[in-house]
Amino acid sequence: MIKRIFQSHWLDRIAVVLSGLCAIHCFGGLFLLLFLSEVSDRLNDPRIHEIGLGLAVLFALLGLGGGFLSHHKWRPVIIGFMGIAFMSVGLFVGHSVAEDVCTVIGVSLVACAHLMNHRVRRHRCLH
C-alpha cells in the first residue's frame with residue numbers, strides 16, 4: 001500500500017499544480033504590492049510562504065522520492081532539491097524582488113523535476 005502511494009503519478013501532478021500556483025502567487029503579490037498595498041500585505045504573509053515551502057518539501061519527498069524508488073534516476077531528485085534550495089533562500093531574504101526571483105526559479109525547478117519524474121515513470125510503465 002505505502003509503496004503504491006509513493007509510486008503514484010498523482011503526486012507529481014499535484015506538485016506541478018502547486019508550483020504553478022506558487023508562481024502565480026509571487027507575480028500576483030508583486031502586482032498587488034505595486035497597486036493594492038492593503039491586499040498584498042495579506043497575501044505576502046510569511047506563513048503562506050512557510051506553508052508553501054512545507055508542501056513543496058512534502059511532495060518532493062513523496063513524489064520524487066517515490067519516483068526514485070521506482071526508476072532509480074537521480075536527475076529529478078537533484079533538480080527538485082535544487083528548486084527547494086532556491087525556495088528556501090527566497091523565504092529568508094525577506095520581501096523583495098530577490099525573494100520573488102529565488103522563489104520563481106525554485107518552483108520552476110521543482111515543477112520541471114516533477115514533470116521529468118512523471119515522464120520517466122510513464123515511460124517505464126509503457127515498457
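Checked against side-chain contact (heavy atoms from CB on, under 4.5 Å), A56 has the following partners two or more places apart in sequence or in another chain: I84, M87. In this structure, the side-chain contact (heavy atoms from CB on, under 4.5 Å) partners of L115, at least two apart in sequence or on a different chain, are V16, R119. For L91, the side-chain contact (heavy atoms from CB on, under 4.5 Å) criterion is met by H49, E50, L53, not counting sequence neighbours. Here A98 pairs with V93, S96 under the side-chain contact (heavy atoms from CB on, under 4.5 Å) rule; sequence neighbours left out. Taking F86 as the reference, nothing meets the ring-ring contact (aromatic ring centres under 6.0 Å, His included) condition, with sequence neighbours excluded.
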Decide side-chain contact (heavy atoms from CB on, under 4.5 Å) for N117 and K73; before the verdict, give the C-alpha distance in whole Å, the side-chain angles of both, and the deciding distance to 0.1 Å.
CA-CA 8 Å; N117 196 47; K73 304 269 189 235; over 6 Å; no
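Nearest heavy-atom pair across V89 and C102 is CG1-SG, 3.8 Å. Nearest heavy-atom pair across A113 and P76 is CB-O, 3.2 Å.
If you chain together hydrophobic residues whose side chains sit under 4.5 Å apart, I105 and I78 fall into the same group. Cluster membership for M82 and V57, using ILVMFWY side-chain heavy atoms within less than 4.5 angstrom, is shared.
At distances below 3.5 Å, not a single donor-acceptor pair connects side-chain atoms of S70 with backbone N or O atoms of G66.
Atom CG of L61 and atom CZ of F68 lie 13.5 Å apart (nearest 0.5 Å).
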